[in-house]
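To start, the structure under review is shown below, and the notes come after it.
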Amino acid sequence: MSFKRRSLMAVCTLATISSLSFTAKASSGESVCSNPIQRICTDTTAERKVKDKQILNLKNEIAAEANINAAPRIEEMKKQVKFYHVIKRFLGSVKIRNQEIMKAAKKRMGGLEEVVTNSENIGKIKNYMYQSIESSSFDSATKANFKGIIESIVVGNFSDFLEKSNLENDVIAQFFGNACGSDGLVENAFATNLDGQRYVLICPGVLINASQTTSASQRFNNILQTISHEIGHHIDNSKVGNELYAPYLNCLAKNYSSSFLKSKNDEKYCKANLKEPSKCNDQVVLSHSGEMIADQWGIRATAIHAAAESYSVMDADQMLTDTWGRYCDTPGAISDEGIHPTGTFRIETLMRKNPSITSYLSCSSSETDSKPACSFDGESSI
(Lines give C-alpha, C1' and ligand atoms only; values in the text may rest on other atoms or scores of the structure.)
Protein backbone atom coordinates (compact mmCIF):
# COMPACT_ATOMS: atom_id res chain seq x y z
CA MET A 1 0.00 0.00 0.00
CA SER A 2 1.14 3.57 -0.46
CA PHE A 3 0.05 6.85 1.07
CA LYS A 4 -0.14 9.38 -1.72
CA ARG A 5 -1.06 12.98 -1.15
CA ARG A 6 -4.83 13.26 -1.20
CA SER A 7 -7.54 15.26 0.48
CA LEU A 8 -8.00 14.52 4.16
CA MET A 9 -10.71 15.43 6.55
CA ALA A 10 -9.76 18.23 8.92
CA VAL A 11 -7.45 17.02 11.66
CA CYS A 12 -7.82 18.59 15.08
CA THR A 13 -4.47 19.50 16.58
CA LEU A 14 -5.54 19.85 20.18
CA ALA A 15 -3.73 17.70 22.73
CA THR A 16 -5.64 17.65 25.98
CA ILE A 17 -3.61 17.26 29.13
CA SER A 18 -4.99 15.78 32.32
CA SER A 19 -2.40 15.79 35.10
CA LEU A 20 0.90 17.23 36.22
CA SER A 21 4.34 15.85 36.89
CA PHE A 22 5.11 14.28 40.22
CA THR A 23 7.58 11.86 41.70
CA ALA A 24 6.31 8.37 42.34
CA LYS A 25 7.93 5.04 43.10
CA ALA A 26 7.08 1.98 41.07
CA SER A 27 5.23 0.17 43.86
CA SER A 28 4.62 -2.86 41.67
CA GLY A 29 8.26 -3.13 40.65
CA GLU A 30 7.30 -2.63 37.02
CA SER A 31 9.16 -0.28 34.68
CA VAL A 32 8.31 1.60 31.50
CA CYS A 33 10.01 -1.27 29.64
CA SER A 34 8.24 -4.16 31.32
CA ASN A 35 4.73 -2.73 31.82
CA PRO A 36 4.31 0.94 30.85
CA ILE A 37 0.60 1.18 31.72
CA GLN A 38 1.16 -0.34 35.16
CA ARG A 39 4.19 1.87 35.79
CA ILE A 40 2.82 5.13 34.41
CA CYS A 41 -0.92 4.91 35.07
CA THR A 42 -1.65 2.39 37.83
CA ASP A 43 1.31 2.75 40.19
CA THR A 44 0.82 6.52 40.21
CA THR A 45 -2.97 6.61 40.67
CA ALA A 46 -2.95 7.67 44.33
CA GLU A 47 -0.36 10.39 43.80
CA ARG A 48 -2.18 11.75 40.75
CA LYS A 49 -5.48 11.92 42.63
CA VAL A 50 -3.87 13.97 45.40
CA LYS A 51 -2.18 16.31 42.94
CA ASP A 52 -5.28 16.63 40.78
CA LYS A 53 -7.34 17.61 43.83
CA GLN A 54 -4.76 20.23 44.81
CA ILE A 55 -4.75 21.63 41.28
CA LEU A 56 -8.56 21.68 41.12
CA ASN A 57 -8.80 23.61 44.40
CA LEU A 58 -6.19 26.07 43.17
CA LYS A 59 -7.97 26.56 39.86
CA ASN A 60 -11.29 27.11 41.62
CA GLU A 61 -9.69 29.86 43.70
CA ILE A 62 -8.14 31.45 40.63
CA ALA A 63 -11.37 31.20 38.62
CA ALA A 64 -13.46 32.74 41.42
CA GLU A 65 -11.14 35.72 41.78
CA ALA A 66 -10.79 36.13 38.02
CA ASN A 67 -14.56 36.07 37.46
CA ILE A 68 -15.12 38.76 40.08
CA ASN A 69 -12.44 41.01 38.60
CA ALA A 70 -13.39 40.32 34.99
CA ALA A 71 -17.12 41.04 35.33
CA PRO A 72 -16.96 44.87 35.54
CA ARG A 73 -14.30 45.01 32.83
CA ILE A 74 -16.45 42.90 30.50
CA GLU A 75 -19.47 45.12 31.12
CA GLU A 76 -17.42 48.22 30.38
CA MET A 77 -16.07 46.62 27.21
CA LYS A 78 -19.60 45.84 26.05
CA LYS A 79 -20.53 49.50 26.45
CA GLN A 80 -17.71 50.38 24.07
CA VAL A 81 -18.57 47.71 21.49
CA LYS A 82 -21.92 47.76 19.70
CA PHE A 83 -24.21 44.82 20.52
CA TYR A 84 -24.21 43.60 16.93
CA HIS A 85 -20.42 43.13 16.95
CA VAL A 86 -20.81 39.65 18.42
CA ILE A 87 -17.30 38.48 17.53
CA LYS A 88 -15.58 41.53 19.03
CA ARG A 89 -17.59 41.12 22.22
CA PHE A 90 -16.79 37.43 22.41
CA LEU A 91 -13.06 37.97 21.86
CA GLY A 92 -13.04 40.88 24.26
CA SER A 93 -14.59 38.71 26.96
CA VAL A 94 -12.13 35.86 26.32
CA LYS A 95 -9.18 38.26 26.46
CA ILE A 96 -10.30 39.88 29.70
CA ARG A 97 -10.99 36.53 31.41
CA ASN A 98 -7.58 35.19 30.43
CA GLN A 99 -5.87 38.36 31.63
CA GLU A 100 -7.61 38.13 35.01
CA ILE A 101 -6.83 34.42 35.28
CA MET A 102 -3.15 35.14 34.71
CA LYS A 103 -3.20 37.96 37.28
CA ALA A 104 -4.89 35.77 39.89
CA ALA A 105 -2.52 32.89 39.17
CA LYS A 106 0.59 35.07 39.36
CA LYS A 107 -0.46 36.25 42.82
CA ARG A 108 -0.27 32.66 44.01
CA MET A 109 2.65 31.36 41.96
CA GLY A 110 5.89 33.13 41.18
CA GLY A 111 7.42 32.70 37.75
CA LEU A 112 4.20 31.29 36.31
CA GLU A 113 4.97 32.01 32.67
CA GLU A 114 8.72 31.52 32.73
CA VAL A 115 8.54 27.85 31.80
CA VAL A 116 7.16 28.67 28.33
CA THR A 117 8.27 32.25 27.79
CA ASN A 118 11.87 31.65 28.84
CA SER A 119 13.87 31.94 25.62
CA GLU A 120 16.46 29.45 26.90
CA ASN A 121 13.80 26.77 27.42
CA ILE A 122 12.22 27.32 24.03
CA GLY A 123 15.64 27.43 22.40
CA LYS A 124 16.54 24.12 24.02
CA ILE A 125 13.34 22.45 22.82
CA LYS A 126 13.80 23.77 19.30
CA ASN A 127 17.40 22.54 19.34
CA TYR A 128 16.16 19.06 20.28
CA MET A 129 13.78 19.25 17.35
CA TYR A 130 16.62 20.27 15.02
CA GLN A 131 18.63 17.29 16.26
CA SER A 132 15.61 15.01 15.76
CA ILE A 133 15.30 16.21 12.19
CA GLU A 134 19.01 15.95 11.45
CA SER A 135 19.20 12.38 12.77
CA SER A 136 16.22 11.31 10.65
CA SER A 137 16.44 9.72 7.21
CA PHE A 138 14.57 12.52 5.45
CA ASP A 139 16.41 14.02 2.49
CA SER A 140 18.48 17.18 2.92
CA ALA A 141 15.87 19.46 1.33
CA THR A 142 13.15 18.17 3.65
CA LYS A 143 15.41 18.55 6.68
CA ALA A 144 16.20 22.14 5.73
CA ASN A 145 12.51 22.89 5.20
CA PHE A 146 11.52 21.35 8.54
CA LYS A 147 14.22 23.26 10.41
CA GLY A 148 13.16 26.53 8.79
CA ILE A 149 9.56 25.95 9.80
CA ILE A 150 10.51 25.23 13.40
CA GLU A 151 12.75 28.28 13.58
CA SER A 152 9.79 30.46 12.57
CA ILE A 153 7.40 29.18 15.26
CA VAL A 154 6.42 31.48 18.11
CA VAL A 155 5.74 29.72 21.42
CA GLY A 156 3.68 31.74 23.87
CA ASN A 157 0.72 31.84 26.17
CA PHE A 158 -2.85 32.33 25.04
CA SER A 159 -3.29 35.75 26.66
CA ASP A 160 -0.31 37.20 24.79
CA PHE A 161 -1.66 35.80 21.54
CA LEU A 162 -5.09 37.38 22.04
CA GLU A 163 -3.46 40.68 22.96
CA LYS A 164 -1.43 40.76 19.75
CA SER A 165 -4.10 39.37 17.44
CA ASN A 166 -7.03 41.09 15.82
CA LEU A 167 -9.31 38.14 15.15
CA GLU A 168 -12.49 38.74 13.22
CA ASN A 169 -13.39 35.31 11.87
CA ASP A 170 -16.22 33.64 13.78
CA VAL A 171 -14.91 30.09 13.29
CA ILE A 172 -11.42 31.02 14.48
CA ALA A 173 -12.84 32.92 17.40
CA GLN A 174 -14.97 30.01 18.56
CA PHE A 175 -12.06 27.60 18.14
CA PHE A 176 -9.63 29.72 20.12
CA GLY A 177 -12.19 30.51 22.80
CA ASN A 178 -13.00 26.83 23.32
CA ALA A 179 -9.38 25.68 23.12
CA CYS A 180 -8.55 27.00 26.58
CA GLY A 181 -12.08 26.57 27.90
CA SER A 182 -14.67 29.18 28.73
CA ASP A 183 -12.80 29.92 31.96
CA GLY A 184 -9.35 29.71 30.36
CA LEU A 185 -8.28 26.90 32.68
CA VAL A 186 -8.45 23.86 30.41
CA GLU A 187 -5.05 22.13 30.42
CA ASN A 188 -4.41 22.39 26.73
CA ALA A 189 -1.92 23.51 24.12
CA PHE A 190 -2.36 23.78 20.38
CA ALA A 191 -0.62 24.64 17.14
CA THR A 192 -2.11 27.15 14.72
CA ASN A 193 -1.35 29.57 11.90
CA LEU A 194 -2.66 33.09 11.62
CA ASP A 195 -1.73 35.79 9.12
CA GLY A 196 1.30 33.79 7.99
CA GLN A 197 2.71 33.33 11.50
CA ARG A 198 3.09 29.88 13.04
CA TYR A 199 2.21 29.59 16.73
CA VAL A 200 2.30 27.06 19.53
CA LEU A 201 -0.03 28.40 22.17
CA ILE A 202 -0.10 27.34 25.81
CA CYS A 203 -3.29 27.76 27.82
CA PRO A 204 -3.16 29.10 31.40
CA GLY A 205 -4.19 25.67 32.71
CA VAL A 206 -0.91 24.17 31.49
CA LEU A 207 1.09 26.97 33.09
CA ILE A 208 -0.63 26.42 36.41
CA ASN A 209 0.06 22.69 36.25
CA ALA A 210 3.72 23.18 35.33
CA SER A 211 4.26 25.72 38.09
CA GLN A 212 3.32 23.16 40.76
CA THR A 213 6.38 20.99 40.18
CA THR A 214 9.22 21.33 42.65
CA SER A 215 12.19 22.26 40.48
CA ALA A 216 13.11 24.05 37.26
CA SER A 217 14.16 20.74 35.68
CA GLN A 218 10.81 19.14 36.52
CA ARG A 219 8.97 22.13 35.09
CA PHE A 220 10.97 21.81 31.90
CA ASN A 221 10.30 18.08 31.71
CA ASN A 222 6.62 18.80 32.27
CA ILE A 223 6.30 20.92 29.13
CA LEU A 224 8.93 19.25 26.90
CA GLN A 225 6.63 16.61 25.39
CA THR A 226 3.72 19.06 25.16
CA ILE A 227 5.60 21.79 23.31
CA SER A 228 7.63 19.47 21.07
CA HIS A 229 4.39 17.63 20.18
CA GLU A 230 2.71 20.90 19.19
CA ILE A 231 5.79 22.05 17.26
CA GLY A 232 5.59 18.70 15.48
CA HIS A 233 2.11 19.59 14.24
CA HIS A 234 3.65 22.32 12.10
CA ILE A 235 5.52 19.64 10.16
CA ASP A 236 2.94 16.85 10.26
CA ASN A 237 1.33 15.37 7.16
CA SER A 238 -1.48 17.93 7.10
CA LYS A 239 1.21 20.54 6.37
CA VAL A 240 3.75 18.64 4.24
CA GLY A 241 1.71 15.82 2.69
CA ASN A 242 1.45 12.09 3.29
CA GLU A 243 4.28 10.94 1.04
CA LEU A 244 7.06 12.06 3.38
CA TYR A 245 5.54 10.02 6.19
CA ALA A 246 4.46 7.06 4.04
CA PRO A 247 6.79 4.48 5.72
CA TYR A 248 5.38 5.40 9.14
CA LEU A 249 1.76 5.50 8.01
CA ASN A 250 2.04 2.25 6.07
CA CYS A 251 3.48 0.49 9.13
CA LEU A 252 0.63 1.73 11.31
CA ALA A 253 -2.03 0.77 8.74
CA LYS A 254 -0.56 -2.71 8.33
CA ASN A 255 -0.12 -3.50 12.01
CA TYR A 256 -2.32 -1.27 14.15
CA SER A 257 -5.38 -0.01 12.25
CA SER A 258 -7.70 -2.08 14.48
CA SER A 259 -6.45 -0.07 17.48
CA PHE A 260 -8.20 3.11 16.33
CA LEU A 261 -11.81 4.18 16.63
CA LYS A 262 -13.47 5.07 13.33
CA SER A 263 -14.98 8.52 13.03
CA LYS A 264 -18.36 8.89 11.31
CA ASN A 265 -16.57 9.88 8.11
CA ASP A 266 -14.33 6.83 8.42
CA GLU A 267 -17.34 4.57 8.88
CA LYS A 268 -18.88 5.90 5.67
CA TYR A 269 -15.60 5.52 3.79
CA CYS A 270 -15.09 1.97 4.99
CA LYS A 271 -18.64 0.93 4.09
CA ALA A 272 -18.08 2.31 0.61
CA ASN A 273 -14.89 0.23 0.28
CA LEU A 274 -15.91 -3.09 1.85
CA LYS A 275 -14.17 -5.06 -0.90
CA GLU A 276 -10.87 -3.28 -0.24
CA PRO A 277 -10.24 -3.37 3.53
CA SER A 278 -6.73 -1.95 3.10
CA LYS A 279 -8.29 1.33 1.99
CA CYS A 280 -10.31 1.40 5.21
CA ASN A 281 -7.16 0.76 7.24
CA ASP A 282 -5.38 3.59 5.44
CA GLN A 283 -8.24 6.00 6.05
CA VAL A 284 -8.52 5.24 9.78
CA VAL A 285 -4.77 5.77 10.18
CA LEU A 286 -4.96 9.03 8.22
CA SER A 287 -7.63 10.33 10.59
CA HIS A 288 -5.25 9.79 13.52
CA SER A 289 -2.02 10.50 11.64
CA GLY A 290 -1.45 14.11 12.65
CA GLU A 291 -1.48 13.25 16.35
CA MET A 292 0.73 10.20 15.93
CA ILE A 293 3.30 12.10 13.86
CA ALA A 294 3.36 14.89 16.44
CA ASP A 295 3.78 12.29 19.19
CA GLN A 296 6.77 10.80 17.37
CA TRP A 297 8.49 14.16 17.11
CA GLY A 298 7.85 14.77 20.81
CA ILE A 299 9.19 11.34 21.75
CA ARG A 300 12.35 11.86 19.73
CA ALA A 301 12.94 15.20 21.47
CA THR A 302 12.39 13.56 24.86
CA ALA A 303 14.98 10.87 24.16
CA ILE A 304 17.52 13.47 23.04
CA HIS A 305 16.87 15.43 26.25
CA ALA A 306 17.50 12.33 28.37
CA ALA A 307 20.85 11.84 26.63
CA ALA A 308 21.76 15.54 26.90
CA GLU A 309 21.12 15.45 30.64
CA SER A 310 22.95 12.12 31.03
CA TYR A 311 19.93 10.58 32.72
CA SER A 312 20.37 7.14 34.19
CA VAL A 313 17.89 4.48 33.08
CA MET A 314 16.06 5.02 36.37
CA ASP A 315 15.92 8.79 35.88
CA ALA A 316 14.69 8.38 32.30
CA ASP A 317 12.05 5.90 33.46
CA GLN A 318 10.86 8.45 36.03
CA MET A 319 10.82 11.28 33.51
CA LEU A 320 8.66 9.22 31.15
CA THR A 321 6.35 8.30 34.03
CA ASP A 322 5.96 11.97 34.95
CA THR A 323 5.48 13.14 31.37
CA TRP A 324 3.21 10.42 29.98
CA GLY A 325 0.95 10.17 33.03
CA ARG A 326 -1.12 12.91 31.42
CA TYR A 327 -2.17 10.48 28.69
CA CYS A 328 -3.55 7.77 30.97
CA ASP A 329 -7.08 6.81 29.94
CA THR A 330 -9.84 7.72 32.37
CA PRO A 331 -11.95 4.65 33.23
CA GLY A 332 -15.27 4.73 31.41
CA ALA A 333 -14.28 7.60 29.13
CA ILE A 334 -13.92 7.36 25.36
CA SER A 335 -10.44 8.71 24.79
CA ASP A 336 -10.29 8.04 21.04
CA GLU A 337 -12.72 10.41 19.35
CA GLY A 338 -11.55 9.45 15.88
CA ILE A 339 -8.55 11.80 15.90
CA HIS A 340 -6.45 11.19 19.01
CA PRO A 341 -5.47 7.55 19.67
CA THR A 342 -6.25 6.20 23.12
CA GLY A 343 -3.80 7.02 25.86
CA THR A 344 -3.06 3.31 26.21
CA PHE A 345 -2.01 3.08 22.56
CA ARG A 346 0.10 6.23 22.79
CA ILE A 347 1.90 4.93 25.89
CA GLU A 348 2.21 1.21 25.09
CA THR A 349 2.90 1.49 21.38
CA LEU A 350 3.96 4.95 20.20
CA MET A 351 6.19 5.76 23.17
CA ARG A 352 7.19 2.36 24.54
CA LYS A 353 8.12 0.90 21.13
CA ASN A 354 9.87 4.00 19.86
CA PRO A 355 13.40 2.89 18.88
CA SER A 356 15.00 5.84 20.67
CA ILE A 357 13.21 4.99 23.92
CA THR A 358 13.78 1.23 23.78
CA SER A 359 17.45 1.84 23.07
CA TYR A 360 17.91 4.36 25.88
CA LEU A 361 16.11 2.21 28.44
CA SER A 362 17.74 -1.00 27.11
CA CYS A 363 14.32 -2.64 26.85
CA SER A 364 14.35 -6.27 25.79
CA SER A 365 12.12 -7.76 23.09
CA SER A 366 10.54 -10.09 25.65
CA GLU A 367 9.03 -7.10 27.48
CA THR A 368 6.51 -6.23 24.75
CA ASP A 369 4.26 -7.94 22.23
CA SER A 370 5.57 -9.27 18.92
CA LYS A 371 4.15 -6.51 16.75
CA PRO A 372 6.84 -4.31 15.16
CA ALA A 373 7.72 -0.74 16.05
CA CYS A 374 6.66 1.98 13.64
CA SER A 375 8.95 4.95 13.12
CA PHE A 376 9.47 7.51 10.36
CA ASP A 377 11.76 4.90 8.74
CA GLY A 378 8.96 2.36 8.68
CA GLU A 379 8.66 -1.04 10.33
CA SER A 380 11.32 -2.46 12.64
CA SER A 381 11.57 -5.25 15.19
CA ILE A 382 11.93 -4.53 18.89
Side-chain angles (χ1 to χ4, degrees), residues 13-15 17 20-21 98 102 105-106 109-136 143-165 176 179-180 184 187-236 239 293-309 311 319 322-324 326 356:
T13 58
L14 303 183
I17 301 167
L20 72 160
S21 293
N98 275 272
M102 295 304 292
K106 286 178 181 178
M109 295 164 283
L112 178 66
E113 297 167 288
E114 289 180 4
V115 70
V116 295
T117 58
N118 182 296
S119 59
E120 183 178 348
N121 284 347
I122 301 307
K124 184 186 292 187
I125 293 173
K126 285 190 174 184
N127 185 50
Y128 291 156
M129 294 295 290
Y130 298 147
Q131 291 181 57
S132 297
I133 293 166
E134 189 58 39
S135 64
S136 74
K143 289 180 180 180
N145 180 44
F146 282 1
K147 289 178 183 178
I149 289 172
I150 288 170
E151 185 178 9
S152 72
I153 295 169
V154 173
V155 179
N157 66 65
F158 191 60
S159 298
D160 289 343
F161 174 73
L162 285 174
E163 192 66 42
K164 295 174 183 176
S165 302
F176 286 155
C180 291
E187 294 143 36
N188 201 17
F190 56 99
T192 190
N193 289 63
L194 187 68
D195 294 333
Q197 178 62 62
R198 300 178 179 94
Y199 290 93
V200 165
L201 299 173
I202 312 299
C203 297
V206 173
L207 300 177
I208 293 169
N209 256 25
S211 69
Q212 296 305 286
T213 53
T214 57
S215 68
S217 62
Q218 272 194 318
R219 286 192 290 275
F220 180 83
N221 289 349
N222 184 274
I223 54 94
L224 171 59
Q225 172 70 19
T226 300
I227 293 180
S228 55
H229 171 101
E230 297 305 332
I231 288 176
H233 272 304
H234 283 288
I235 54 174
D236 70 21
K239 305 297 191 299
I293 288 169
D295 271 348
Q296 285 296 325
W297 284 117
I299 294 164
R300 290 169 73 96
T302 300
I304 290 172
H305 174 62
E309 297 296 317
Y311 282 165
M319 178 186 68
D322 291 343
T323 306
W324 285 80
R326 67 191 60 181
S356 298

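Values in this document were obtained by computation on a predicted structure and should not be read as measured data.
Under 3.5 Å, the side chains of R326 and T226 contain a donor-acceptor pair of N or O atoms. Side-chain atoms of Q225 and T302 include a donor-acceptor pair closer than 3.5 Å. Of the N and O atoms on the side chains of S152 and R198, at least one donor lies less than 3.5 Å from an acceptor on the other residue. For the residue pair S136 / R300, no side-chain donor-acceptor distance below 3.5 Å is found, with atom types taken as modelled.
Here the shortest heavy-atom pairing between M319 and A306 reads CE-CB, 4.1 Å.
At least one side-chain heavy atom of W297 sits under 4.5 Å from a side-chain heavy atom of M129. Side-chain contact check for H233 versus V200: every heavy-atom pair is 4.5 Å or farther apart. No side-chain heavy atom of I125 sits under 4.5 Å from any side-chain heavy atom of Y130. Between Y128 and S228, every side-chain heavy-atom pair lies at or beyond the 4.5 Å cut-off. Here the side chains of N193 and H234 are in contact, with some heavy-atom distance below 4.5 Å.
A distance of 14.0 Å separates OG1 in T323 from NE2 in H229, rounded to the nearest 0.5 Å. Taking NZ from K106 and CD1 from I208, the interatomic distance works out to 11.5 Å, rounded to the nearest 0.5 Å. In this structure, CD1 on I227 lies 11.0 Å from CG on L201, to the nearest 0.5 angstrom. The structure places CD of E134 at 4.5 Å from NZ of K143, a figure rounded to the nearest 0.5 Å.
A donor-acceptor contact shorter than 3.5 Å is absent between the side chain of K147 and the backbone of I133. Judged by distance alone, with hydrogens and angles left aside, the side-chain atoms of E230 form a donor-acceptor pair with the main-chain N or O of A191 at under 3.5 Å. Judged by distance alone, with hydrogens and angles left aside, the side-chain atoms of N118 form a donor-acceptor pair with the main-chain N or O of N121 at under 3.5 Å.
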message = What verdict does the side-chain contact (heavy atoms from CB on, under 4.5 Å) test give for I304 and S132, after you've listed the backbone C-alpha separation in whole Å, the side-chain angles of each residue and the deciding distance to 0.1 Å?
response = CA-CA 8 Å; I304 290 172; S132 297; 3.3 Å; yes
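Taking a 6.0 Å sphere around CD of Q197, one finds it holds more than 12 heavy atoms contributed by other residues, nucleotides or ligands.
Aromatic ring pairs are classed by plane angle as parallel below 30°, tilted from 30° to 60° and perpendicular above 60°; the pair F220 and H305 is tilted.
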